[in-house]
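A quick write-up on the structure given underneath.
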Amino acid sequence: MSQELNKTYEPKDVENRWYAFWEEKGLFHADENSDKKPYAIVIPPPNITGSLHMGHALNNTLQDILIRYKRMAGYNVLWMPGTDHAGIATQNVVERQLANEGLTRYVIGRKKFVERVWKWKEESGGTIIKQLKRLGSSCDWNRERFTMDEGLSYAVKEVFVRLYDEGLIYRAERLINWCPRCLTALSDIEVEHEEVSGKLYYIRYHFVDDPKIFLTVATTRPETMLGDTAVAVHPEDERYNKFIGKEVLLPLTSRRIPIIADAIVDIEFGTGAVKITPAHDFNDFETGIRHDLKKINILSENAHINPYLQDVELEVMKQVGDLHVHKAREKVIHILKKKDFLIKAEDHKHTIGKCYRCKTVIEPYLSPQWYVKMETLAKEAIKAVEGDKTRFIPRGWENTYFEWMRNIKDWCISRQIWWGHQIPAWYCVDCNKIDFVRETESGLKPCHYDDEGTVPIYLNILKKNLTPIVTKTAPLKCPTCGSSKLIQDEDVLDTWFSSALWPFSTLGWPKKTTELSKFYPTDTLVTGFDIIFFWVARMIMMGLKFMNDVPFKDVYIHALVRDADGQKMSKSRGNVIDPLIMIDRFGADALRFTLSAMASPGRDIKLSEDRIEGYRNFCNKIWNASRFALMNVKGDIKKDIKGYNIFDRWILSRLNRLTKEITASLQEYRFDEAANAIYQFIWHEFCDWYLEAAKPVLYKKDNADKRNITQTVMIHSLETSLRLLHPFMPFITEEIWQRLPKLGAVSGMESIMLAPYPSADESLINDAIEEEVRLLQDVISCVRNIRGEMNIPPSVEIDILLKAAEGKRADLYRQHSEYIKFLAKAKGIKIGSDIMKPHIAATAVLKDAEIYIPLEGVVNFDGELPRLQKELEKIKKEIEFINKKLANQDFINKAPKDVVEKEKEKYRELTEKLNKIEDGIKKLEALRI
RNA sequence: GGGCGGAUAGCUCAGUUGGGAGAGCGCUGCCCUUACAAGGCAGAGGUCACAGGUUCGAUCCCUGUUCCGCCUACCA
């Protein structure tokens, strides 16, 4: 198959062709009955609404590297793919569609709405999967799962019921984070905190028994005063504790509220007197419980002021009733000012919470919700990480994990949306005396109607104080009263609830499947730190609870991808680099390689297009090196040949050393180290030196044996490099590999994916050869340097005079003089201890050798003196530095012997070099006169 | 408020038993040398944030400071 290659690498066609080939041949498929050692990763399921961004690209590149590496290394590899139903996000998408048609989900009803979401999923939900394929991800697509699959949904119900039966799931009315736009509760971690500069308002609350005097409270949210039910002061605050038990009259209302004592109050802050609004502030809610205060909910679900607050002045109500809470704030301030209750307003920085999905300001909101009790689950999960059953890489993230787990709060899992796993709980209409039930096609529904009385609106208040019947399948009759009027809880579960089960639900749990026993616990989870709480921690808890084992052994936490300026990429900032555009432009391999080379632990990736372009060039370099190799290998190459030349032995040594390093790096998840090592090897060792050194051998017609050996080593090195590189750059490696003649173990294999990952042959690692080649390279580099500095164009041929002591050194140079000549582009070379320096010559001083390039009649000679002087200055500085060290008696006495010896040796070398250069300068100066 | 991470070449970053300051990109000079101009060869460029300490010796270990990120928290 080794036809001519194009002059440049064209990724597009190559990528499509090979991906289709791999899929068709089933090379991604894991065999659950295989006897090979298993290695499994579950993909962090992307949202079905998503499209591939750089975070995905990084995440999946790293997983694919591990997966392809392990697969080649002989493991039975499973990469379990799938997508997440993304409750709120997906519901938003479909609701937007409806809005464009002038509809709302309430108009079409729950059943039709959910059907519509499914339809949308079928049509558009596969986008990201296609995009993952373009990246080269070698997932076992036959096993692709979706969190709303029948199987996974069953697992969700199973878990819910079992946790409920054990008392680990419960319902309660509490303050929750409420998104007034999504109209649903959120868990604590779904709220993003943001610092804003606001104001701190000082408001007068007059005493009931003596209206002439007052307390001043300070608040950032004056509008919530309509829900105040107390004022708190610190019990030890001498300014106020005499007032404890008295009452103040809440401004703008006829409400009398008590002054209470609570240690939560910070004497230093504000005035030391705090208004307490138990229904609208988390602290106040707790305080309210401690003091048995009334909870007055002043807001509707969409964060408008309830217009029917009984004891608020009618005039005030008229102005703020039905107003959005933020507008109401302005109004309340205005009224307070007018009525002289407002003392002052100070600038004040504080934090507000926003919905992580839609960035709307969240409201603490009183409502009944479902919770998971976390304490016992967390305890086990902490132990598992403490005991290293699951290990975070880098380790530092374990602290983050512990910090959260040790202060964990119960998890609010119910969401007031329609797309998701509906909670498997039913309520008996009769037992619970539920009003407002209406018949619909899908059964009984709790509801009320909008103002026009036509649109049914979901009303979560209905759920207060109900007794649920929790079961996997819909009950026909109430077990208590036998009534058949049962309604299912309207809420669905937090999407993360089903994600938490992902490592075992995807493998068939609760059925005892072969897959489960083979691949659970999985080996590695690759994810970003931003979902350690959302996902990783919860998977560990659920895995331990239902599988009695951790879901994965290693958690590799990778960085965030930012733009070149370090900004988080976001659509609103307009700084997103689209991975698909990058793939189109530079190829998937270049993108993958960029991401892996930059994935150093514990640091964010600042991605720039230049960098990707640079690695596209690397692809091209590989391509052309392969082109060269193929052009120079005609017919069969021999196997098992002895008689390697020095560069053959050198490249084999370097190659095996590289293999060792890469394997070690991959073992430690150092993708950057591995990528950089192979880049360095292929470009700067294989291409720059080995191929160049191979040219004289390959071009010479007269020695077929030598040529054949070099051809063999060349192909072997290239082929092995490709296998080393394959996990990083799957496409180009396959394309080239397919065209190469195969040697040994890899002959006859149908894909590089199936070829074994190289393992180092230690016997070929040869320090002596590497040192010898380094000496040759030094000579060559020196000559090239003279060429460069003296401006001798390549077209001008030069001679090399190499003065070296007779013996090993001179022999080495003499033996390989052809290489030196070729690589330094010299027409002649003389080597010996008795070489005399010509008068007009450039010189370079090496360890144990001197180089003279005669320049008479070659080039203008004026440049030589300044060149040598520059060199001299450099050496003088170095000597000075070492001198200081060696003059220090403490250094001589206390430093390790070998270090001292090394310094002394260096000193000797440098001094010698210095003398020779000084000598050269003297001669030059003499010549000038 | 608490915690974590970072500060090394113009840019982005590597750099662990503490002893040589490095890479890629960019820049400069020369070169279309029959694999590659998406290339070759050569070169310039750094008080390793600042101040102390430990040590014969500190980019590295310790303390403090400044600046920048991020996470977290009930000062209303």
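Protein chains get the first letters and strands the later ones, always in sequence-line order, with residue 1 at the start of each.
Nucleic acid contact class of A:Thr351 (heavy atoms, under 4.0 Å, all strands): base. A:Lys275 comes within contact range of no nucleotide atom at all, as no heavy-atom separation falls under 4.0 Å. If you check every strand for non-hydrogen atoms under 4.0 Å, A:His348 touches sugar and phosphate atoms only. Looking at heavy-atom distances under 4.0 Å, A:Phe533 makes contact with sugar-phosphate atoms alone, never a base. Note on A:Cys619: nothing from the nucleic acid sits closer than 4.0 angstrom, heavy atoms only. A:Thr220 comes within contact range of the sugar-phosphate backbone alone, with a heavy-atom separation under 4.0 Å but no base atom that close. Counting any heavy atom pair closer than 4.0 Å across all strands shown, A:Tyr699 reaches sugar-phosphate atoms only and no base atom. Residue contacts shown for A:Lys695 include a base, since a base heavy atom lies under 4.0 Å away.
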(message) Just to be sure I follow the notation: if a pair is Watson-Crick (purine N1 to pyrimidine N3 plus N6-O4 or O6-N4) or a G-U wobble (N1-O2 and O6-N3), each under 3.5 Å, what dot-bracket string does RNA chain B give, with | for pairs to another strand?
(response) (((((((..((((.....[..)))).(((((.......))))).....(((((..]....))))))))))))....

Enumerate all atom pairs, one protein N or O and one N or O from nucleotides 37-48 of chain B, separated by less than 3.5 Å.
residue : atom : partner  : partner atom : Å
B:A38   : O4'  : A:Asn617 : OD1          : 3.1
B:A38   : O2'  : A:Asn620 : ND2          : 3.3
B:A38   : N3   : A:Arg616 : NE           : 2.8
B:G39   : OP1  : A:Asn617 : ND2          : 3.0
B:G39   : O3'  : A:Lys621 : NZ           : 3.1
B:G40   : OP1  : A:Lys621 : NZ           : 3.0
B:G40   : OP1  : A:Trp683 : NE1          : 2.5
B:A42   : O3'  : A:Asn785 : ND2          : 3.2
B:G43   : OP1  : A:Asn785 : ND2          : 2.6

Distances for protein N or O near nucleotides 53-63 of chain B N or O, under 3.5 Å:
residue : atom : partner  : partner atom : Å
B:C56   : OP1  : A:Lys894 : NZ           : 2.8
B:C56   : O2'  : A:Asn888 : ND2          : 2.8

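When all heavy atoms are compared, the tightest approach of A:Leu58 to A:His558 is CD2-CD2, 3.6 Å. Nearest heavy-atom pair, A:Pro741 versus A:Leu630, reported as atom, atom and distance to 0.1 Å: CD-CD2, 4.2 Å.
For the salt bridge (Lys or Arg N to Asp or Glu O under 4.0 Å) test, no residue two or more places apart in sequence or in another chain qualifies with A:Arg784. Under the side-chain hydrogen bond (donor to acceptor under 3.5 Å, both in side chains) criterion, A:Gln777 pairs with no residue at all, not counting sequence neighbours. With sequence neighbours left out, A:Lys894 forms a salt bridge (Lys or Arg N to Asp or Glu O under 4.0 Å) with no residue at all. Residues satisfying the side chain to side chain contact (heavy atoms under 4.5 Å, CB included) test with A:Thr220, not counting sequence neighbours, are A:Leu200, A:His348, A:His350. Partners of A:Glu668 according to the salt bridge (Lys or Arg N to Asp or Glu O under 4.0 Å) rule, which considers only residues two or more places apart in sequence or in another chain, do not exist here.
Under the salt bridge (charged side-chain N to carboxylate O under 4.0 Å, His left out) criterion, the residue pairs touching residues 188-204 of chain A are A:Glu190-A:Arg415, A:Glu192-A:Lys359, A:Glu194-A:Lys354, A:Lys199-A:Asp347, A:Arg204-A:Asp340, with sequence neighbours excluded. Evaluation of the salt bridge (charged side-chain N to carboxylate O under 4.0 Å, His left out) test over residues 400-410 of chain A, restricted to residues two or more places apart or in two chains, returns A:Glu386-A:Arg406.
In the set B:G19, B:A76, B:C36, B:C36 carries the atom at the smallest distance from any side-chain atom of A:Asn624.
Comparing B:A9 with B:G15, their C1' atoms are spaced 14 Å from each other, to the whole Å. Atom name C1', nucleotides B:A14 and B:C48: the rounded distance is 13 Å, in whole Å. Going from the P atom of B:G20 to that of B:U16 covers 14 Å, rounded to whole Å. A distance of about 14 Å separates the P atoms of B:A42 and B:C25, rounded to the whole Å. Straight-line distance between the P atoms of B:A7 and B:C50: roughly 13 Å, to the nearest whole Å. Rounded to a whole angstrom, the distance from the C1' atom of B:C60 to that of B:G10 is 25 Å. The separation of B:U28 from B:G18, taken at their C1' atoms, amounts to 37 Å, rounded to a whole angstrom. Comparing B:G53 with B:C41, their C1' atoms are spaced 48 Å from each other, to the whole Å.
Going from atom CG of A:Asn791 over to atom P of B:U28 covers 16 Å, rounded to whole Å. Spacing between atom CG of A:Asn407 and atom P of B:U72 amounts to 12 Å, rounded to whole angstrom units. What separates CD of A:Gln680 from C1' of B:A14 is a distance of 12 Å, to the nearest Å. When the P atom of B:G20 is taken as reference, atom CD1 of A:Ile882 falls 10 Å away, rounded to whole Å.
In terms of phosphate contacts, A:Ser600 brings no side-chain nitrogen or oxygen within less than 4.0 Å of OP1 or OP2 of B:C13. Using a 4.0 Å cut-off, some side-chain N or O of A:Arg670 falls inside it from OP1 or OP2 of B:G15.
Atom-to-atom distance recorded for A:Asn177:CG and A:Tyr365:OH is 13.5 Å, nearest 0.5 angstrom. Atoms CD1 and CZ, on A:Ile557 and A:Arg395 in that order, are 12.5 Å from each other to the nearest 0.5 Å.
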Counting only pairs under 3.5 Å, give me each side-chain donor-acceptor contact of residues 271-288 of chain A, with atom names and distances, residues two or more places apart or in other chains.
residue  : atom : partner  : partner atom : Å
A:Thr271 : OG1  : A:Thr216 : O            : 2.4
A:Thr271 : OG1  : A:Ala273 : N            : 3.2
A:Thr271 : OG1  : A:Ala273 : O            : 3.4
A:Lys275 : NZ   : A:Thr224 : OG1          : 2.7
A:Lys275 : NZ   : A:Asp228 : OD1          : 2.9
A:Lys275 : NZ   : A:Thr277 : OG1          : 2.9
A:Thr277 : OG1  : A:Asp228 : OD1          : 2.7
A:His280 : NE2  : A:Asn297 : OD1          : 3.4
A:His280 : NE2  : A:Ile298 : N            : 2.9
A:Asp281 : OD1  : A:Asn283 : N            : 2.8
A:Asp281 : OD1  : A:Asp284 : N            : 3.1
A:Asp284 : OD2  : A:Thr277 : N            : 2.7
A:Thr287 : OG1  : A:Asn283 : O            : 2.9
A:Thr287 : OG1  : A:Arg290 : NH2          : 3.3

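Taken residue by residue, residues 259-272 of chain A places heavy atoms nearer than 4.0 Å to RNA chain B at A:Ile264, A:Val265, A:Asp266, A:Phe269, A:Gly272.
Both tests do not hold together for A:Lys885 against A:Tyr907: distance to the six-membered ring centre under 6.0 Å, angle to the ring axis within 45°.
Proximity of a side-chain donor or acceptor of A:Asp237 to a complementary backbone N or O of A:Arg239 within less than 3.5 Å is detected.
In this model, no donor atom of one side chain and acceptor atom of the other lie less than 3.5 Å apart for A:Tyr9 and A:Glu735.
Between A:Ala629 and A:Asn283, the residue anchored nearer the 5' end of RNA chain B, judged by the nucleotide with its closest heavy atom, is A:Ala629.
Between the side chain of A:Glu403 and the base of B:A73 there is no donor-acceptor pair of N/O atoms closer than 3.5 Å.
Other residues, nucleotides and ligands place no more than 12 heavy atoms under 6.0 Å from the CD atom of A:Glu268.
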